[in-house]
Amino acid sequence: MSKKILIVDDEEGIRESLKLILGEFYELILVEDSNGCMECLEHSKDIGLVLLDIKMPNKNGLEVLKEIKSLYSDIKVIIVTGYKSVELASEVTKHGASGYIIKPFDSAEVLKSVKKIIST
Amino acid sequence: MNTFQFIAWISFLTEITLGVYLISQHRKNSVAYIWGLLCLSSSTFHIGLIIFSNTNILNKAVTGWQIANLGAILGPIIHHHFVCNYLNLRKSGQIIFLYALAIVLILVNIMYPMYFLGSLVLAFDTMYYTNRHTASHLYTFMYVFEYWFLLLYSFILLVGAYKKSESDSRRQLKYVIIGSSIGWLGAHSYFIPYINSEIYPYGGFLLGIFPVIISYAILRFRILNIHLIIHNSLIYSLSISIVFITFVTIVLLLEKLSQLMLGYKSMYSSFFAAISIAVAFNPLKNYIQHFIDLRILKKSPIEIAKENQLLLYEASEKEKFKAIATLASGMAHEIKNPLTAIKTFNEYLPKRHMDREFILKFSEITRKEINRINDLVNQLIDYGKPTPPEYSLVDINGLVQNCLDILSSQLIKHKITYSFEADTAEFLSIYADRKLLHQALFNLILNSIDAMPSGGSLDIKLRTIQNQYAQVTLTDTGNGIPKEDLSNIFNPFFTKKDFGTGLGLAIVKSIIESHQGYISVQSQVNMGTTFLLKLPLDAPNQDI
C-alpha cells in the first residue's frame, strides 16, 4: 500500500496517538488545520486516506469533508469524533465519509478500520 | 340572597377580576389571554345566573338565561381553544368552526329565546329553569355536543399530553387537568335541574373555584407573584363590592336628604357621592389589603416580598442548572480528547517501554493532557459553586473560543455550523468575573441553538472599538424575534418557549451591565437574530 495517510487534527495528543498506531505501517502526513489539509491535498498526489477531526477551530470538520469529497472524490475520508450518535453517523456518511472513529479510540480498531478502508 | 346567589356573586367577582387582569396584563401570553377570556365568559354565566335566580317574573328570568347562555355556549369552546393553544396543537380549522357554531347559537339565543330555551319551568319554588322536556332540540344539541363531546375531547388531549410530559410541564398540566375536571363538574351541576327539575344544582360552586386553580397553575409556573395575583384579586373584588355598596348607600341617603330639604332629588348628591368615593377609595383599599394580608393570608408584606425573592432565586438556580447540565455534557466531550492520547500511549507502553524516544514523548504529552483534564474538571466545579463575583483580567478572545469549544458538540448535533472571527489574536483583557461572563456567553449561544431547531449557522465576531471596547456580535440564522417582542426579551420571565423560565436573557443583561457593558439585539423573523455586546477593555488598553 503505497498510499499516504493525511492526519488532520488541531490536538497534538491526537496526532501523536494516530502516528503511534499507524506510523509503522503507513507513510503519514500530519497537519493542524483545514488550511494545511487542503494545501497538502493539492500538492501531494498520492494521499489515499484522510483522517479528519470533526471539531476544529475556524472551520467545521463537516465543511472540510464536503470540500475534500467535491475536489478529490477518490480520496477516502474517515471522520474522527468524540461524539457517538446515529444522526452524526448518517450525516457524515451522507457527505461522503467512508467511516468514523470515536474517541478515545482503541488502537487495534483504528488499525483494522484504516486497513479495510484504504484498500477498497 | 340565598346560597346559590351568594356563590354566584363570589364566582362572578373572582372571575371578572381574574379575567380583566389576565387580558389586560398578559396580552402577549396567548395562553393567559385565552384563559382570561374563559374567566370572562364564565363571569357572564354567573351574572345571568344571579339575574334569573333572583326573580319570579318570567321575562326577567328569560333575560337572565339569555345572558347566562352567552357564557354557557362559549365556555367549552373557549376551553377547547385554551387547551389547543396551551398544548401547542394546531387546530385552527376546528377552532374557527367551533366559534362559528357559537355565533350561530348565540344569535338564536338572542333573537329567539323563547324557541331556544323552550318554556322555563319553575324549579325549587324559587326560580325559572330550563328543562329538557321543553327546551328546543338546538339547546339539547348545544348541551350534549359542548358539555359531553367537546369537553371529553379536550380532556383526552390534556391527558395525552400529561402522559408525554416531564417535570415542570407535568406539574402544571396536573393543575390544569384537576382544575378543569372540578370546573366542569361544577358546570354540569347547573344542568342537573335541566335534566331533573327536582334536584338542586349543589355542585355549582365548583365552577367558581376552577378559574382560580388554573390561573394559579398558569401564573405560578410563569411569573412569581401568584400570591400577589390572588391577593390582589381578592382585594379588588372586595374593594369593588364595598365601594359599590357604599356608593349606592350614600347616593340613596343623599337623595333622601335632598328630597327632605329641597323637595326634589338633586344630581349634586350623586356628584358628591362620587367624589367621596374617589377620595376614600385608596385608603380603603390599603386597609382591606392590610386586613387580608394579616388575617386571611397571614403574611406581612415583608414576608410576601421575601417569598418573591425566594422564588426569583429558585428560578435563577433552575436556569443555572440547565446551563450547568449543558456545560457538563460539553465538558465531558472535551475530556475525551486528552483521554485519547493517554489511552493510546498507554496501550503501546508494554511494547515500547525500551524506546527512549517513546518514553520521553509519552510522559510529556500525558503530563499536558492530565493538566487539561484537571483544568476542565476545575472549571466545572467552579461553575457549580455559588461564589461571590471574583474580578480578574479575563481574555475575552480566549473566553469566546472556550465557550464555542465546549458547545461544539451541541452545535454539531443540531446541525449548526459556526465560526469565530476576531480582529486580533492577542489577549484582549477585560476586568471581569470570568464565571459570569462565561455564563452570559454560554446562555446566548444556547439561545441561538434553541432558535435553530433544524440547523443553521452561528457566526461570532470580536472587534476592538477605538481601543476602548471589545464588541462581540453573535449572529444566528434562526427563527428570529418578532418586532413587538424585541423590547421585552430582556425582561425577567418573558418567554415564548414552553420550557425554561424566561430568565436567561435577563441574567445575561444583568451580567453585561454589571461589567459596565452594553447589550442590544437586532432580529428579523425567520431570518435570524444578532446580539451585540460591548464590554469596556481593561485599563492598559484604555485611559480612564
Side-chain angles (χ1 to χ4, degrees), chain A residues 7 9-25 30 33-35 51-67 79-92 94-95 97 100-112 114, chain B residues 329-352 355 357-358 360-362 364-373 397-398 400-402 404-422 425 455 457-460:
Chain A
I7 297 177
D9 198 305
D10 60 321
E11 302 240 356
E12 186 196 0
I14 309 282
R15 289 197 304 271
E16 290 297 324
S17 304
L18 288 169
K19 184 163 149 197
L20 195 57
I21 300 171
L22 300 168
E24 290 186 75
F25 306 97
L30 303 163
D33 56 25
S34 53
N35 292 332
L51 287 172
L52 180 62
D53 180 19
I54 196 141
K55 186 219 87 173
M56 283 185 292
N58 301 325
K59 218 165 181 186
N60 186 319
L62 214 52
E63 294 294 308
V64 183
L65 168 64
K66 289 189 214 170
E67 216 183 308
I79 294 285
V80 179
T81 172
Y83 195 71
K84 182 165 74 177
S85 96
V86 174
E87 301 130 352
L88 185 68
S90 61
E91 189 72 12
V92 301
K94 196 166 69 176
H95 288 110
Y100 58 95
I101 294 172
I102 299 175
K103 294 185 279 202
F105 35 72
D106 183 88
S107 39
E109 291 289 324
V110 171
L111 212 45
K112 201 165 81 177
V114 166
Chain B
S329 99
M331 284 192 164
H333 190 254
E334 276 303 293
I335 289 182
K336 291 195 172 206
N337 276 340
L339 277 181
T340 301
I342 298 175
K343 177 175 172 169
T344 308
F345 278 100
N346 191 53
E347 280 175 357
Y348 280 82
L349 187 56
K351 284 189 265 176
R352 304 279 202 99
D355 183 345
E357 214 185 291
F358 171 84
L360 282 173
K361 200 190 267 183
F362 170 41
E364 180 55 24
I365 289 184
T366 316
R367 184 190 64 83
K368 276 196 246 173
E369 301 292 44
I370 289 175
N371 282 338
R372 264 179 74 189
I373 296 179
N397 209 332
V400 176
Q401 187 64 63
N402 179 266
L404 269 179
D405 280 346
I406 292 172
L407 284 170
S408 61
S409 53
Q410 288 287 348
L411 288 161
I412 292 175
K413 178 177 168 194
H414 287 94
K415 304 211 187 87
I416 299 172
T417 54
Y418 57 94
S419 73
F420 174 46
E421 226 183 273
S457 72
L458 171 65
D459 297 299
I460 305 183

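In what follows, chains are A, B, ... by sequence order, proteins preceding strands, each numbered from 1.
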What do you reckon, is NZ of A/Lys66 surrounded by more than 12 foreign heavy atoms closer than 6.0 Å? yes
A/Ala108, A/Gly61, A/Gly13, A/Pro104: which one forms the most heavy-atom pairs within less than 4.5 Å of chain B? A/Pro104
Are the side chains of B/Lys361 and A/Lys19 in contact, using a 4.5 Å heavy-atom criterion? yes
Hey, is NZ on B/Lys415 packed in by over 12 heavy atoms from elsewhere, all under 6.0 Å? no
CD (B/Glu369) and CD (A/Glu11) are apart, to the nearest 0.5 Å, by 6.0 Å
Heavy-atom closest contact (B/Ala341 atom, A/Ser17 atom, distance): CA-OG, 3.2 Å
Nearest 0.5 Å please: distance from the CD1 atom of A/Ile101 over to the OG1 atom of B/Thr340. 10.5 Å
Engaged part of B/Ile335 at the chain A interface, taking heavy atoms whose separation is under 4.5 Å: neither
Nearest 0.5 Å please: distance from the CG atom of B/Asn346 over to the OG atom of A/Ser107. 10.0 Å
Once you round to the nearest 0.5 Å, how far does CG of A/Leu20 lie from CZ of B/Phe358? 5.5 Å
Most heavy-atom pairs under 4.5 Å with chain A, out of B/Leu411, B/Thr366, B/Ile365, B/Leu404, belong to B/Ile365
For chain A, which candidate among B/Thr417, B/Leu339, B/Asn337 shows the most heavy-atom pairs at distances under 4.5 Å? B/Asn337
Of all the heavy-atom pairs spanning A/Glu16 and B/Phe345, show the shortest one and how long it is. CB-CZ, 3.8 Å
Working note: B/Thr344 + A/Ile21, criterion side chain to side chain contact (heavy atoms under 4.5 Å, CB included); need CA distance, chi angles, decisive distance, verdict. CA-CA 8 Å; B/Thr344 308; A/Ile21 300 171; 3.7 Å; yes
Heavy atoms only, distances under 4.5 angstrom: which of A/Ile54, A/Asp106, A/Leu62 has the most pairs with chain B? Name it, please. A/Asp106
